[in-house]
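The block underneath contains the structure these notes are about, expressed in structure tokens.
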Amino acid sequence: MTTLPETTGKKLGLVIDLDKCVGCHACATSCKEWNTGGYSAPLSDHDPYGADPSGAWLNRIHSYEVESGPISKTVHFPRSCLHCEEPACVTVCPTGASYKREADGIVLVNPDTCIGCKLCSWACPYGAREYDHDDGVMKKCTLCVDRIYNETIPEEDRVPACVRACPTGARAFGDLGDPDSEVSQEVEARGGFNLLDEFGYKPVNKYLPPRFAKVDTPAPQIVEKEPVAPQNGSAVEKLFAWVDRALSS
Amino acid sequence: MHPAYSVILFTTASGAGYGLLFWLGLGHLTGLIHGAGWMPVITLTVALGLITLGLLSSAFHLGRPERALGAFSQWRSSWLSREGVVAVATYVPAGLWWLLWLFGNGSVTPFLGLLAAIGAAVTVYCTGMIYASLRTIRQWNRPTVPWIYIALAAGTGGLLLALLLPSTFAALAALISLGAAAVLKLAYWKEIDADPGQYTAEMATGLGHLGTVRPLDPPHSTPNFVMREMGYAVARNHALKLRKVALLALFALPLFLIFIGMFAGWLALVPAVLLAAVGVVTERWLFFAEAEHVSQLYYGKARA
């Protein structure tokens, strides 16, 4: 069912401490490693060690520079599904493959009924969903639903793979619907916030702000471009390249 | 947004097919179009053919076309599902009508024409709402969007009707709906040009209180799905030139040719239909290429 549950028993989610994250990508690689063998496995992985790697990742680590006057700070910024309370990625799904669990609020895609229309990825403002071209279905963070309730693994491992892997303890997992939980207390104490709160999807995952040292040093000037998608060289591409040139002249 | 050729073909072909079906149904209901002779049934076949071509094209856009039946289940919440349900439901009266016209006649065909016309209008409205309901894309999340889809479907379908079953009714249908589409589209372009976007990279990262945010290191060395699908960008001067192409080929020249055709005969409608085909594909390509997605705030866009 793609209509949303009115309430969820728990609001399981992650709390990410931007003050502790060092941008090592251990959470991303650990996520890929677990999820390529878990729920919705495998995750496509093309040319992983070559010049043009591509594939589905459920967790991506950005690094931003935050500039304020002469001071700037690097903030490493893990980004994955925020398991929103009111996610349009669920309601737009035509098949019911995309759903929010009533028991714990986890947003999942059923890999057996997804038709790969990609509409859910269009509805997500966080860019959290990635289409798997090999499987023809959408992939997303499962909050490691196949770990957290898994009684066949040791109890200390029953947390999402990203949380287990983080060497600096920048990631915590828990019930954000329970104000007395450890994660809720930490969010309360540190002024945890929502990403793009203005959008109104009510993310469950919270971020803890980085501290900002007030040092009077000039910021370095770095100009970097995002990579550009390559052309596939097909006849249609060539036709459009010709139109492009004709219009440019 | 990445302009997928299958979706452009789907929305333009099925749009023209539903527009043609709409006018044919309305014309038949009001007694202006009769089933006698071959041309009416051929026209109905063209409408159903374009619709089917479009729907097949949209199915090929899916990663798992063999599971497409599941898409009819979530009509309570999903505009895409609603579109599928109404599209299939429209085949019932339209198909019966087609059979009755093909094998003799029947007094119920005007009623079937009415049902088919309603189905056609609702289907195209649902197509428009798939885009208009997405708050992540400000160029799509506008009340004008479904009406532009409807006006363009009616305009391109009206042109086909004027070519295949020439009459004053067909010429007026094409003139009025293409004219309305031109007004709506010009207003739409003015609207999106005036809207810089209300979300910023600072809001997306929640770091605005610390300063301005810019990307230092991307999460990966090559573009990922989100960047390829949602990060497509068209240069501003290209977009402006293509808008002129669309205005000329889709609106100005066909409107002029319909007017000529009212005096000089149906032959003027041949170039009008061909020009409108180029124009509507250009318009639809731009609809995608000019659309900016909020997720790109994480990939270096300052506003969206």
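We name chains A, B, ... by the order of the sequence lines, and we start the count at 1 in each one.
The two atoms that bring B:Asn224 and A:Glu130 nearest to each other are ND2-OE2, 3.5 Å, heavy atoms only. Across all non-hydrogen atoms, the minimal contact from A:Cys124 to B:Ser295 is O-CB, 4.4 Å. Here the shortest heavy-atom pairing between B:Ala71 and A:Ile115 reads CB-CD1, 4.0 Å. Of all the heavy atoms in B:Leu207 and A:Pro210, the pair that sits closest is CD2-CD, 3.7 Å. The two residues A:Phe77 and B:Thr205 have their closest heavy-atom pair at CE1-O, 3.4 Å. In terms of heavy atoms, B:Gly211 sits closest to A:Ser68 at CA-CB, 4.1 Å.
Separation of atoms CG (A:Leu247) and CG (B:Leu240) is listed at 11.0 Å; rounding is to 0.5 Å. Here the OG-CG distance, from B:Ser77 to A:Leu4, works out to 7.5 Å after rounding to the nearest 0.5 Å. Rounded to the nearest 0.5 angstrom, A:Leu119 CG and B:Ser81 OG are separated by 11.0 Å. Atom NZ of A:Lys118 sits about 5.0 Å away from atom NE2 of B:His61, to the nearest 0.5 Å. Atom CG of residue A:Asn194 and atom CE of residue B:Met203 lie 14.0 Å apart, to the nearest 0.5 angstrom.
The stretch residues 3-15 of chain B places B:Tyr5 near chain A, each with some heavy atom under 4.5 Å from a heavy atom of that chain.
If you check the side chains of B:Asp217 and A:His62, you find no donor sitting under 3.5 Å from an acceptor.
Around the CD atom of A:Glu102, the shell of radius 6.0 Å holds no more than 12 heavy atoms that belong to other residues, nucleotides or ligands. Counting heavy atoms of neighbouring residues, nucleotides and ligands inside a 6.0 Å radius, atom CH2 of B:Trp147 does not exceed 12 of them.
Of the listed residues (A:Gly127, A:Gly55, A:Gly23), the greatest number of heavy-atom pairs within a distance under 4.5 Å of chain B belongs to A:Gly127. Ranked by non-hydrogen atom pairs under 4.5 Å with chain B, the options A:Cys93, A:Pro209, A:Ala88, A:Gly200 are led by A:Cys93. Of the listed residues (B:Leu80, B:Thr212, B:Leu134), the one with the most heavy-atom contacts under 4.5 Å to chain A is B:Thr212. When the candidates B:Arg135, B:Glu66, B:Lys241 are compared by the number of heavy-atom contacts under 4.5 Å with chain A, B:Arg135 comes out ahead. When each of B:Gln296, B:His238, B:Met230 is scored by its heavy-atom pairs under 4.5 Å with chain A, the top score falls to B:His238. Ranked by heavy-atom pairs shorter than 4.5 Å toward chain B, the options A:Gly116, A:Pro94, A:Ala56, A:Ala51 are led by A:Pro94.
Only the side chain of B:Trp140 comes within contact range of chain A, with heavy atoms under 4.5 Å apart. Both the backbone and the side chain of A:Thr91 come within contact range of chain B, each with at least one heavy atom under 4.5 Å from a heavy atom of that chain. Contacts of A:Cys117 with chain B are made by both backbone and side-chain atoms, with heavy-atom separations under 4.5 Å. Residue B:Val294 touches chain A through both its backbone and its side chain, counting heavy-atom pairs closer than 4.5 Å. Using a 4.5 Å cut-off between heavy atoms, A:Ala123 touches chain B through backbone and side chain atoms alike. Only the backbone of B:Ala68 comes within less than 4.5 Å of a heavy atom in chain A; its side chain stays farther off. Only the side chain of A:Phe193 comes within contact range of chain B, with heavy atoms under 4.5 Å apart. No part of A:Ala97 comes within reach of chain B, as not one of its non-hydrogen atoms sits under 4.5 angstrom from that chain. For A:Ile61, the part sitting under 4.5 Å from any heavy atom of chain B is the backbone (N, CA, C, O) and nothing else. Contact annotation for A:Asp244: both backbone and side-chain heavy atoms come within less than 4.5 Å of a heavy atom of chain B. The parts of A:Tyr131 that come within reach of chain B are both its backbone and its side chain, each placing non-hydrogen atoms under 4.5 angstrom from that chain. Of the atoms belonging to A:His25, it is side-chain heavy atoms, and not backbone ones, that fall under 4.5 Å from chain B.
Cation-pi contact between A:Arg79 and B:Tyr298: present, with separation from the ring centre below 6.0 Å and deviation from the ring axis of at most 45°.
Judged by distance alone, with hydrogens and angles left aside, the side-chain atoms of B:His293 form a donor-acceptor pair with the main-chain N or O of A:Trp122 at under 3.5 Å. Here the side chain of B:Ser78 pairs a donor or acceptor atom with the backbone of A:Val92 at under 3.5 angstrom. Remark: side-chain polar atoms of B:Thr222 are not paired, donor with acceptor, to backbone N or O of A:Ser54 under 3.5 angstrom. The main-chain N or O of A:Cys114 is found under 3.5 Å from a side-chain atom of B:Arg67 such that the two form a donor-acceptor pair. Between the side chain of B:Arg64 and the backbone N or O of A:Asp135, at least one donor-acceptor pair lies under 3.5 Å.
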Report the C-alpha separation of A:Ser121 and B:Phe225 in whole Å, then their side-chain angles, then the decisive distance to 0.1 Å, and conclude whether the side chain to side chain contact (heavy atoms under 4.5 Å, CB included) test is met. CA-CA 10 Å; A:Ser121 68; B:Phe225 163 76; 3.6 Å; yes
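Counting only heavy atoms from C-beta outward, the side chains of A:Trp57 and B:His220 never approach each other to under 4.5 Å. Looking at heavy atoms from C-beta onward, A:Tyr64 lies in side-chain contact with B:Val213 at the 4.5 angstrom threshold.
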For residues 234-242 of chain A, dump all side-chain donor-acceptor pairs below 3.5 Å to protein atoms at least two apart in sequence or in another chain.
| from | atom 1 | to | atom 2 | distance (Å) |
| --- | --- | --- | --- | --- |
| A:Ser234 | OG | A:Asn232 | OD1 | 3.2 |
| A:Ser234 | OG | A:Glu237 | N | 3.3 |

